[in-house]
Amino acid sequence: QVHLVESGGGSVQAGGSLRLFCAASGYTGSSRCMGWFRQAPGKEREGVAIISASGSTISYGDFVKGRFTISRDSATNTLYLQMNSLKPEDTAMYYCAARVRGIWACRATESDYDYWGQGTQVTVSS
């Protein structure tokens with residue numbers, strides 16, 4: 001079991017920055033991949049960024065365009081998402097996810113992930 005708790009969300013104006021945190025507990029050593037997903041009202045959940053256990057594989061959604069950076073600290077079992085140049089269309093609930101099964105490469109496919117946090121709200125005003 002892996003327990004994930006997100007924090008760091010909030011309200012900012014367009015162009016601002018936020019740093020999201022995901023604290024992982026439980027059998028964290030089994031997490032092959034971790035990622036951030038988001039879901040805006042009326043829209044499907046989409047992948048924002050994913051990272052492998054070693055950090056050697058990182059990928060971002062096309063909409064990120066160099067604005068966000070994902071990282072993880074294995075010593076503290078924390079996943080981060082630094083978000084800069086935020087836009088109103090980034091407004092969504094952001095979720096942390098962990099994948100513990102499978103040997104295929106990490107990817108931003110929602111069904112790949114076994115554990116999810118409760119989410120943290122990000123609101124960007126124009």
Side-chain angles (χ1 to χ4, degrees):
Q1 287 280 347
V2 178
H3 185 56
L4 304 172
V5 179
E6 303 94 336
S7 62
S11 297
V12 295
Q13 290 191 326
S17 298
L18 283 173
R19 186 172 172 86
L20 303 186
F21 304 82
C22 174
S25 60
Y27 191 34
T28 56
S30 64
S31 297
R32 299 179 184 274
C33 310
M34 294 192 75
W36 290 98
F37 292 76
R38 71 184 187 182
Q39 187 168 22
K43 295 187 177 181
E44 293 186 352
R45 188 148 51 183
E46 61 181 349
V48 177
I50 61 94
I51 185 170
S52 61
S54 66
S56 61
T57 298
I58 291 176
S59 68
Y60 297 95
D62 291 341
F63 56 86
V64 170
K65 298 186 188 300
R67 301 180 297 127
F68 299 174
T69 302
I70 188 171
S71 60
R72 64 189 295 178
D73 184 338
S74 298
T76 61
N77 295 320
T78 304
L79 181 71
Y80 303 94
L81 184 68
Q82 177 66 43
M83 303 189 296
N84 300 325
S85 303
L86 284 162
K87 305 175 182 180
E89 51 264 44
D90 294 318
T91 295
M93 186 71 80
Y94 283 69
Y95 298 91
C96 173
R99 191 193 101 191
V100 302
R101 59 187 170 84
I103 60 172
W104 60 91
C106 297
R107 57 187 184 180
T109 302
E110 184 178 350
S111 59
D112 280 3
Y113 291 79
D114 307 291
Y115 297 99
W116 294 83
Q118 292 300 306
T120 185
Q121 177 68 36
V122 172
T123 302
V124 185
S125 59
S126 58

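Rounding to the nearest 0.5 Å gives a distance of 11.5 Å between CD of E6 and CG of L81. A distance of 6.5 Å separates CD1 in I50 from OG1 in T57, rounded to the nearest 0.5 Å.
By the criterion of side-chain heavy atoms lying less than 4.5 angstrom apart, applied directly or through intervening Ile, Leu, Val, Met, Phe, Trp or Tyr residues, Y60 is grouped together with V122 in one hydrophobic cluster. Taken together through direct or relayed side-chain contacts under 4.5 Å among Ile, Leu, Val, Met, Phe, Trp and Tyr, L86 and V64 form part of one hydrophobic cluster. By the rule that hydrophobic residues join a cluster once side-chain heavy atoms approach within less than 4.5 Å of another member, Y113 and W104 end up as members of separate clusters.
Legend: residues meeting side chain to side chain contact (heavy atoms under 4.5 Å, CB included) with S126, ordered by chain and number and at least two apart, are P88.
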If you look only at distance, which donor and acceptor atoms sit under 3.5 Å apart when one is on a side chain in residues 11-19 and the other is two or more places apart or in another chain?
| from | atom 1 | to | atom 2 | distance (Å) |
| --- | --- | --- | --- | --- |
| S17 | OG | N84 | OD1 | 2.9 |
| R19 | NH1 | Q82 | OE1 | 3.4 |

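In terms of heavy atoms, E89 sits closest to R38 at O-NH2, 3.9 Å. Here the shortest heavy-atom pairing between V48 and F68 reads CG1-CD1, 3.6 Å. Closest approach of Y95 and Q118 over heavy atoms only: CE2-O, 3.4 Å. The heavy-atom pair separating K87 from V124 by the smallest distance is O-CB, 3.2 Å. Closest non-hydrogen pair, W36 versus L20, comes out as CH2-CB, 3.7 Å. Taking both residues in full, the closest heavy atoms of L4 and M34 are given as CD2-CE, 3.9 Å, listed atom of the first, atom of the second, then distance.
Judged purely by atom type and a 3.5 angstrom limit, T78 uses its side chain to pair as donor or acceptor with the backbone of T76. With hydrogens and angles ignored, the 3.5 Å screen pairs no side-chain donor or acceptor of R99 with any backbone N or O of D112. A donor-acceptor pair is defined here as one N or O able to donate and one able to accept, closer than 3.5 Å; no such pair exists between the side chain of T120 and the backbone of Y94.
Sequence neighbours left out, the pairs with a member in residues 66-126 that pass disulfide (SG to SG under 2.5 Å) are C22-C96, C33-C106.
Counting heavy atoms from C-beta on, the side chains of W116 and F37 come closer than 4.5 Å. By the 4.5 Å heavy-atom criterion applied to side chains, I58 and I70 are counted as neighbours. The side-chain heavy atoms of V5 and F21, taken from C-beta on, include no pair separated by under 4.5 Å. Between D90 and M83 the shortest side-chain heavy-atom distance does not fall below 4.5 Å.
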